[in-house]
Amino acid sequence: MGQVGARGADAEGKVTITEIARQAGVSVPTVSRVVNGRSDVSPQTRARVEDLLRRHGYRRRPAAPGARAALLDLVFNDLDSPWAVEIIRGVEEVAHAAGVGTVVSAIHGRSGDAREWMRNLRARASDGVILVTSALEPTLHEELRILGVPLVVVDPAGSPTLDAPTIGAANWSGGLAATEHLLALGHRRIGLIAGPPRLLCSRARLDGYRAALEGAGITPDGSLVVPGDFRPESGFTACTTLLDLPEPPTALFAASDQMALGAIEALRRRGLRVPQDMSVVGFDDLPEVRWSAPPLTTVRQPLADMGKLAVRTVLRLTRDEQPDSPRVELGTDLVVRASTAPPA
């Protein structure tokens, strides 16, 4: 069968694929897959689309040389983090096994970059989109809806504004587990280096921390909570702030591994040892923290698994199959290593 673009017209110019998709109640890529003879469409949908194609007298164009394979767009706000690399690793593993190509983009929180990505998306006629960011303007949300490209959001920043399945991690229970671990070791004055407050995951980890303290009969102390931005520099700065308190904490829970590593460097520069002088727990379980000095106790966030599930979910949507649940939270696990010990 010949390949057609997302807005290809028939030989007589009477109908576009967009119009066929509207009448069939499916996405543009679904109609394109039917036209191009792809097998990943349910029989009922295929019959409905083919009936409309016949009624409109749609004619397939001759096959183009080097016709493209199936394609997914994977979009991050930023790519300068091992966290993003882990998600890409999971996405690539499942996409490669399914014979699907992947285009990775970063929009850096800038509207101009987001609009440029949207223009490229329209030109590529991707089969699906995985957004690892919710930072899109409402107008771009509407454009995505009009395009009808299947969409999955990974780790949404806040309450979902797109009508799309979301995949995240159990951040509240992870924050709870990290803090309960420190409490079980005997720590009672526990600092938190929190993530950006605008992010849902940051708020959930903070709430888990507070719930653990309250469960132990400890009133949370606001002076022990210092915000960061998930980067090592902010962990360094926040830890310095906590060390300058009249009564510093004996343990730290950092809401990302990179902030935990920054905190450990701040402690080292003060001549303090981990865990002898202060215990430190991170969040993510990035590969590098197994080799930090000391190896970091952390909450494992299943980043690669989130990427894998995102691909499986978006591929189901391309076949007009609905996911088992529109909101999925994968479990987190505490990984105890050498950076935590009872207070001196």
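Sequential numbering from 1 along the given sequence is applied to the chain's residues. For the numbers below, each heavy atom of this structure counts, side chains included, while hydrogens, waters and symmetry mates do not. These figures come from a predicted structure and were not determined experimentally.
- Identified under the salt bridge (Lys or Arg N to Asp or Glu O under 4.0 Å) test for residues 254-264, with sequence neighbours left out: none.
- The two residues V299 and T332 come nearest to each other via the heavy atoms CG1-CB, 3.7 Å.
- T298 contributes a side-chain N or O that, together with a main-chain N or O of F283, makes up a donor-acceptor pair within less than 3.5 Å.
- Listed by first then second residue, pairs satisfying side-chain hydrogen bond (donor to acceptor under 3.5 Å, both in side chains) with a partner in residues 182-197 read H187-T250, H187-S279, R189-D221, not counting sequence neighbours.
- Side-chain contact between L72 and V103: absent, with no pair of heavy atoms (C-beta onward) separated by less than 4.5 Å.
- Of all the heavy atoms in P165 and P323, the pair that sits closest is CG-CG, 3.9 Å.
- Closest non-hydrogen pair, L243 versus A266, comes out as CD1-O, 4.4 Å.
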Scan the side chains in residues 302-316 for donor-acceptor partners under 3.5 Å anywhere in the protein, sequence neighbours excluded, and list what turns up.
residue: T313; atom: OG1; partner: L309; partner atom: O; Å: 2.8
residue: R316; atom: NH1; partner: D324; partner atom: OD1; Å: 3.4
residue: R316; atom: NH2; partner: Q322; partner atom: O; Å: 2.9

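- Evaluation of the salt bridge (Lys or Arg N to Asp or Glu O under 4.0 Å) test over residues 164-186, restricted to residues two or more places apart or in two chains, returns none.
- Here the side chains of L213 and L183 are in contact, with some heavy-atom distance below 4.5 Å.
- Judged by distance alone, the side chain of R203 and the main-chain N or O of R198 form a donor-acceptor pair under 3.5 Å.
- L252 and L334 fall within the same hydrophobic cluster, where Ile, Leu, Val, Met, Phe, Trp and Tyr residues are linked whenever their side-chain heavy atoms come under 4.5 Å apart, directly or through other members.
- To the nearest 0.5 Å, atoms CZ (F230) and OG (S81) are separated by 10.0 Å.
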Please table the atom pairs, donor to acceptor, closer than 3.5 Å between any side-chain atom in residues 88-99 and protein atoms at least two apart or in another chain.
residue: R89; atom: NH2; partner: E86; partner atom: OE1; Å: 2.7
residue: E92; atom: OE2; partner: T102; partner atom: OG1; Å: 3.3

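- Side-chain atoms of S234 come within 3.5 Å of backbone atoms of D229 as a donor-acceptor pair (strictly under, hydrogens ignored).
- If you take CZ on R319 and CG on D127, they are separated by 11.5 Å, rounding to the nearest 0.5 Å.
- Proximity of L242 to V226: side-chain heavy atoms (C-beta onward) are separated by under 4.5 Å at one or more points.
- Separation of atoms OG (S105) and CG (L131) is listed at 10.0 Å; rounding is to 0.5 Å.
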### Query
Step by step, would you call L317 with V152 a side chain to side chain contact (heavy atoms under 4.5 Å, CB included)?
CA-CA 9 Å; L317 293 173; V152 174; 4.0 Å; yes
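- Here the SG-CG distance, from C239 to L272, works out to 8.0 Å after rounding to the nearest 0.5 Å.
- R48 pairs by the salt bridge (charged side-chain N to carboxylate O under 4.0 Å, His left out) definition with nothing, not counting sequence neighbours.
- Without hydrogens or angle criteria, S126 side chain to G128 main chain gives no donor-acceptor distance under 3.5 Å.
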#### Entry: Worked check of side chain to side chain contact (heavy atoms under 4.5 Å, CB included) between L185 and T340
CA-CA 8 Å; L185 289 172; T340 50; 3.8 Å; yes
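- For the atom pair CH2 of W291 and CG of L286, the computed distance is 14.5 Å after rounding to the nearest 0.5 Å.
- N171 places a side-chain N or O within donor-acceptor distance of the main-chain N or O of A169, the cut-off being under 3.5 Å.
- Contacts of D333 classified as salt bridge (charged side-chain N to carboxylate O under 4.0 Å, His left out), with partners at least two apart in sequence or in another chain: none.
- In terms of the salt bridge (charged side-chain N to carboxylate O under 4.0 Å, His left out) criterion, residue partners of E265 (sequence neighbours excluded) are, by chain and number, R268, R269.
- Evaluation of the side chain to side chain donor-acceptor pair (under 3.5 Å) rule for Q301 yields D284 as partners, not counting sequence neighbours.
- Through ILVMFWY side-chain contacts below 4.5 Å, F236 is grouped with nothing and stands alone.
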### Working for side chain to side chain contact (heavy atoms under 4.5 Å, CB included), residues E214 and T219
CA-CA 6 Å; E214 290 168 354; T219 301; over 6 Å; no
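- Taking all atoms of both residues into account, the shortest heavy-atom contact from I193 to A263 is CD1-CB, 3.9 Å.
- With hydrogens and angles disregarded, a donor-acceptor distance shorter than 3.5 Å links the side chain of S256 to the backbone of M259.
- Put simply, the side chain of P196 reaches to within 4.5 Å of the side chain of S202, judged on heavy atoms.
- Side-chain heavy-atom separations under 4.5 angstrom define the hydrophobic clusters, and the remaining members of the one that includes L176 are W172.
- Follow the hydrophobic side-chain contacts under 4.5 Å out from V335 and you never reach Y209; the two are in separate clusters.
- At a threshold of 4.5 Å between side-chain heavy atoms, the hydrophobic network of Ile, Leu, Val, Met, Phe, Trp and Tyr places F76 and V85 in two separate groups.
- D285 meets the salt bridge (charged side-chain N to carboxylate O under 4.0 Å, His left out) test with R337; sequence neighbours excluded.
- Contact detail for A293 and I264: the closest heavy-atom pair is O-CG2, 4.1 Å.
- Residues I107 and W117 approach most closely at CG2-CB, 4.3 Å, considering heavy atoms.
- You'll find the side chain of R290 stays beyond 4.5 Å of the side chain of P295, heavy atoms only.
- Classification of D51 and R55 as a salt-bridged pair holds, one side-chain N sitting under 4.0 Å from a carboxylate O.
- Looking at H56 and Q23, their side chains do bring a donor and an acceptor atom within 3.5 Å of each other.
- Atom CD1 of I20 and atom CG of L53 lie 5.0 Å apart (nearest 0.5 Å).
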#### Entry: Test log, rule side chain to side chain contact (heavy atoms under 4.5 Å, CB included), inputs V281 and S339
CA-CA 7 Å; V281 180; S339 67; 5.6 Å; no
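- A heavy-atom distance below 4.5 Å is found between the side chains of L192 and L206.
- A 4.5 Å side-chain heavy-atom check between I167 and D155 finds every atom pair outside the cut-off.
- The shortest distance between side-chain heavy atoms of V26 and V49 falls below 4.5 Å.
- If you check the side chains of T237 and T240, you find no donor sitting under 3.5 Å from an acceptor.
- If you check the side chains of H181 and T297, you find no donor sitting under 3.5 Å from an acceptor.
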